[in-house]
Amino acid sequence: MQHQPRDAGHVTDAFALQRSEERFRLLVETVIDYAIYILGPTGIVESWNAGAQRLKGYLAEEIVGRHYSAFYPEDYRAQGLPETLLQTALTQGRVEHSGWRVRKDGTRFWADVVITALYDDSGLHTGFAKVTRDMTEAHLATEARERALAEHQRAIGRLEELDRWRREFIGAIIHDLQTPIIGISGFLELMTRGQIPDDMVDDVHDRLLSNARTLQELVSNLRSYTLLSDGRVVLRPERIPLRRFLDDLVADMRPVLSAHDTRCEVTDTTVLADRQGLERVLRNLLGNAARHTPEGTQVTISARPVEDAVELAVADDGPGIPAELLKRVFDRFQRGAGGGTGLGLSIASQLVALHDTTLEVDSSPHRGTTFRFSLPIAP
């Protein structure tokens, strides 16, 4: 009976191990869905497979021998990310990272990367194994979902804000309607019962007219706001002599301005504007000044030529608009301490904008507030 040499089994095992390693090498080299390659201890590329060539665009002879930081965008390299990942893999055994990588042609892709530290049988660090997968489509889909979710949340926020505005607006309308209606109802009831002394009849008459004007002003603002919101306001510009127009307006608003020192400073100039729109703007500005300033405050409406236009201004020497409100003073439903629906200045701003100009405001504590805009001089 013949016996094999003592080391024949070792030779067979070595041959089997060599075949196994060769098969594994062939497997790695032919994988195309993953970039699998070896880095030296300092990050130099030492091997390259078909997946790496497909994913990153480099032939083996173009990249082997170069540092693997060539795959990272400039901002990542500036942050030292390639070195940090190798150091983490060396310290912890492996590291995972997802982020942008750069192909040979400069295009980017989103990569999912695993770097594993390699050691020989004696425990000596020999380099790193690096596996990279292209996750661009999944990343972009995730970003799209996140954007859609963020937009959905913003839409919900806008709806909640609109609902809050609606509740505040309805509350303001109810309040502003109740006040003059209660006044009118109360005075009419007293008149019906004959309980008003003769010497108070004129005063009651004035109060009834004042409350009626308040209701009319509220209804006019609501109508203007509705038309502006629906885009149904059509301007009809005409020649308007300012002196007579402003004198008539101030006289008509005397009951509203009676508690203030009202002045009209205007040159005899004719402007081109929509009469109803201009009247609504100035009524809202004057009413706003009267409502938000103490009794005795000076309110001035002025008009002065500026080149080929006329600058109209409504100013008061009241306490001014608080800084936190000044930035959004033309937003709808913004109400000051004096009450109101919060539509007057928004309507005025929109009507002025339809005249191809801008309603501006200057305000500071204890120095008052001025609203101004310009209109073209009529040819």
Side-chain angles (χ1 to χ4, degrees), residues 10-148 150:
H10 296 288
V11 172
T12 302
D13 292 343
F15 180 70
L17 178 61
Q18 182 179 0
R19 288 189 61 191
S20 175
E21 291 176 346
E22 180 64 18
R23 287 175 179 175
F24 181 74
R25 183 184 64 81
L26 291 174
L27 173 65
V28 169
E29 288 181 352
T30 55
V31 168
I32 62 173
D33 292 329
Y34 293 84
I36 304 173
Y37 51 97
I38 302 297
L39 302 177
T42 61
I44 300 300
V45 179
E46 294 184 349
S47 70
W48 202 242
N49 78 329
Q53 179 177 326
R54 183 188 67 84
L55 181 58
K56 305 197 178 188
Y58 291 95
L59 299 175
E61 56 268 25
E62 294 176 320
I63 195 63
V64 171
R66 293 178 59 184
H67 196 272
Y68 92 117
S69 60
F71 309 136
Y72 289 76
E74 179 60 35
D75 53 340
Y76 283 10
R77 294 201 300 270
Q79 297 169 13
L81 180 62
E83 294 77 11
T84 298
L85 292 177
L86 293 184
Q87 184 60 41
T88 303
L90 188 61
T91 303
Q92 301 180 2
R94 68 191 297 275
V95 65
E96 295 185 29
H97 181 263
S98 295
W100 292 110
R101 299 296 186 269
V102 181
R103 297 186 178 91
K104 176 185 175 182
D105 61 5
T107 59
R108 292 189 175 199
F109 66 97
W110 187 265
D112 184 28
V113 176
V114 178
I115 302 175
T116 304
L118 301 177
Y119 299 87
D120 62 15
D121 293 340
S122 64
L124 179 66
H125 177 232
T126 59
F128 303 90
K130 191 168 186 289
V131 180
T132 303
R133 185 181 181 187
D134 185 357
M135 300 295 292
T136 305
E137 290 186 6
H139 175 69
L140 295 178
T142 300
E143 284 191 332
R145 286 194 299 271
E146 291 175 349
R147 286 195 299 269

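These numbers come from the heavy atoms of this one structure, side chains and all, not from hydrogens, waters or symmetry mates.
- Partners of H97 by ring pair (Phe, Tyr, Trp, His ring centres under 6.0 Å), not counting sequence neighbours: none found.
- For the pair K56 and F71, the cation sits on the ring face: its NZ or CZ lies under 6.0 Å from the ring centre, inside 45° of the axis.
- K104 NZ to I63 CD1: the interatomic distance, rounded to the nearest 0.5 Å, is 9.5 Å.
- Nearest heavy-atom pair across P41 and E46 is CD-OE2, 4.5 Å.
- Judged by distance alone, with hydrogens and angles left aside, the side-chain atoms of Y37 form no donor-acceptor pair with the main-chain N or O of V45 at under 3.5 Å.
- M135 approaches D112 most closely through the heavy-atom pair CG-CB, 3.6 Å.
- The nearest pair of heavy atoms linking Y72 to L85 is OH-CD1, 3.4 Å.
- Here the CH2 atom belonging to W100 is positioned 6.5 Å from the CH2 atom belonging to W110, to the nearest 0.5 angstrom.
- Considering all non-hydrogen atoms of both residues, D120 and L124 come closest at OD1-N, 2.7 Å.
- Applying the ring pair (Phe, Tyr, Trp, His ring centres under 6.0 Å) criterion to Y76, with sequence neighbours excluded, gives no partner residue.
- The two residues D33 and R54 make their nearest non-hydrogen contact at CA-NH2, 3.8 Å.
- Counting only heavy atoms from C-beta outward, the side chains of Q87 and T84 never approach each other to under 4.5 Å.
- Here the closest non-hydrogen pair linking R101 and A111 is CG-CB, 3.5 Å.
- Atom CZ in R133 sits 11.5 Å away from atom CD1 in I36 (nearest 0.5 Å).
- Listed by chain and residue number, H139, L140, R147 satisfy the side chain to side chain contact (heavy atoms under 4.5 Å, CB included) test with E143 (two or more places apart in sequence, or in another chain).
- At a threshold of 4.5 Å between non-hydrogen side-chain atoms, the residues V64 and Y58 do not count as touching.
- A salt bridge links R103 with D134: the closest approach of a Lys/Arg side-chain nitrogen to an acidic carboxylate oxygen falls below 4.0 angstrom.
- Enclosure of atom CZ in R77 by more than 12 non-hydrogen atoms of other residues, nucleotides or ligands within 6.0 angstrom is indicated.
- For E137, the CD atom counts as loosely surrounded, since its 6.0 Å shell holds 12 or fewer non-hydrogen atoms of other residues, nucleotides or ligands.
- Between atom CD1 of residue I115 and atom OG1 of residue T132 there is a gap of 7.5 Å, rounded to the nearest 0.5 Å.
- Paired with L39 under the rule side-chain contact (heavy atoms from CB on, under 4.5 Å), one option of L86, I44, L118 passes, and it is L86.
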